[in-house]
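What follows is a set of notes on a single structure, which appears directly below.
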Amino acid sequence: MKDQTTKEQQDRVLLAQLPTPLERLGRLSEVLGAEIWMKRDDLTGFAAGGNKVRKLEYLMHAALAAGADTVLTSGALQSNHARQTAAAAARLGLKSVLVLAEAVPNRSAAYGRGGNLVLDRLVGADIRRVPAGQDAAPVITRTIAALEAEGRKVFVIPVGGSNVTGALGYARAAQELEGQASALGLRPDRIITASGSAGTQAGLVLGTAIPVLGISVSSSAGELSAKVAGLIAEAVQSHGFGDASGRAVQVDDSQVGPGYGQPTAEMIEAVTLLAQLEGIFLDPVYSGKAMAGLIAMARAGQLPGTTVFLHTGGSPALFAYDEIF
Ligand SMILES: *Cc1c(COP(=O)(O)O)cnc(C)c1O
């Protein structure tokens, strides 16, 4: 055990406030007629919290180990991952460069400059916008080349921090959740999480035998399942998660609606319900759609036993959707 702790701390920098709470949602459970608990990863603490903090503990360790002085990542304009990466870079004294795509149509003025973008600017991120309809990949390539030409050592973090290194943060989170559940005498029948770039879901499957259901926020079930399975297979190869290789990858893509970042009536209902029943702020892009999936399943009688919903954070994006809420 001692050796394990030492090894873990060799693999990560410490950014998150852990463990995050595991709490029963009494009023929501009553309204839905299902036993619903929440793992509060909105409360990871660092830079407004959320799931990316756990991934960044491993990713930023890798950046430092590589001798980087600059981290570059990419995402949508209101990316929570970009905000958390830029804040982690600030904390560690590195420069951050964010390549942010204007990929979500029909948004308000606040979407284009409020929400997470306020926090990105505040931590000093160098923001490069990719106009709607243009591909981010060549911008990323050109930006890296230009930074290297200036003599910078750039560490590139993929979209959502979703590679095997990032997923290790969620293998660890799953183990943390198992420990908390067993201390409470709780036997969860499933974990439900928002799933976008696949790293959170893959990490959870690596870390626990409790069935994990990912609610897709962008891709089709087939596409996202393949991504999750690919990350799991890679981690089994490289990090010895042998037990995980037989585990199911389950994705529900019924909540995507018109597309990534685009509101649905079900998301608005879910975000409103959690605020008004529990005083908990979900987000419009990820956890709101995931909770909409949970609510639909509960109403269809598909959640027997105990369900743990992973709150992945993202509430700063609410301020970018001020025309709805
Ligand atoms: C990134 C993100 C997710 C999805 O995590 P992935 O690992 O990309 O699947 C869920 N919720 C929030 C709030 C996020 O920012």
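First listed ligand is number 1; within each ligand, the first listed atom is number 1.
Atom 13 (C) of ligand 1 has G313 O, 3.2 Å as its closest protein atom, hydrogens excluded (heavy atom only). Among all non-hydrogen protein atoms, the one lying nearest atom 8 (O) of ligand 1 is S197 OG, 2.5 Å. Among protein heavy atoms, atom 9 (O) of ligand 1 sits closest to G196 N, 2.7 Å. Protein heavy atom nearest atom 5 (O) of ligand 1, with residue, atom name and distance: N51 ND2, 3.1 Å.
Here R152 pairs with D69 in a salt bridge; the nearest charged N to carboxylate O distance falls below 4.0 Å. A salt bridge is defined here as a Lys NZ or Arg NE, NH1 or NH2 lying under 4.0 Å from an Asp or Glu carboxylate O, and E269 with R299 meets this definition. Salt bridge present: D126 and R128 bring a charged side-chain N and a carboxylate O closer than 4.0 Å. A salt bridge links E323 to R107: one of the charged nitrogens lies within less than 4.0 Å of a carboxylate oxygen. Ion pairing between a basic and an acidic side chain is recognised when a charged N comes within 4.0 Å of a carboxylate O; E23 and K39 show no such pairing. A salt bridge links R54 with E176; the closest basic N to acidic carboxylate O contact falls under 4.0 Å.
Separation of atoms CG (N106) and OH (Y111) is listed at 11.5 Å; rounding is to 0.5 Å.
Side chains of Y58 and N163: a donor-acceptor N/O pair is absent below 3.5 angstrom, by distance only.
Remark: ligand 1 atoms within the under-4.0 Å shell around heavy atoms of G199 are 7 (O). Remark: ligand 1 atoms within the under-4.0 Å shell around heavy atoms of G314 are 13 (C). Each of the following atoms of ligand 1 lies closer than 4.0 Å to a heavy atom of K55: 6 (P), 7 (O), 8 (O). Listed by number with element, the atoms of ligand 1 under 4.0 Å from a non-hydrogen atom of S195 are 9 (O).
Across the listed options Q201, R54, K52, K52 owns the non-hydrogen atom lying nearest to atom 1 (C) of ligand 1. When the heavy atoms of N80, D41, T312 are ranked by distance to atom 11 (N) of ligand 1, first place goes to T312.
The side-chain heavy atoms of W37 and T307, taken from C-beta on, include no pair separated by under 4.5 Å.
Using 4.0 Å as the threshold, Q84 has no heavy atom nearer than that to any atom of ligand 1. For the ligand labelled ligand 1, residue G50 lies outside the 4.0 Å heavy-atom shell.
By the criterion of a heavy-atom distance under 4.0 Å, neither the backbone nor the side chain of S79 is placed next to ligand 1.
The N/O atoms of A198, backbone and side chain alike, include one that comes under 3.5 Å of an N/O atom in ligand 1. Geometrically, ligand 1 and S287 share no nitrogen or oxygen pair separated by less than 3.5 Å.
L206 and A171 get closest at one heavy-atom pair: CB-CB, 4.1 Å.
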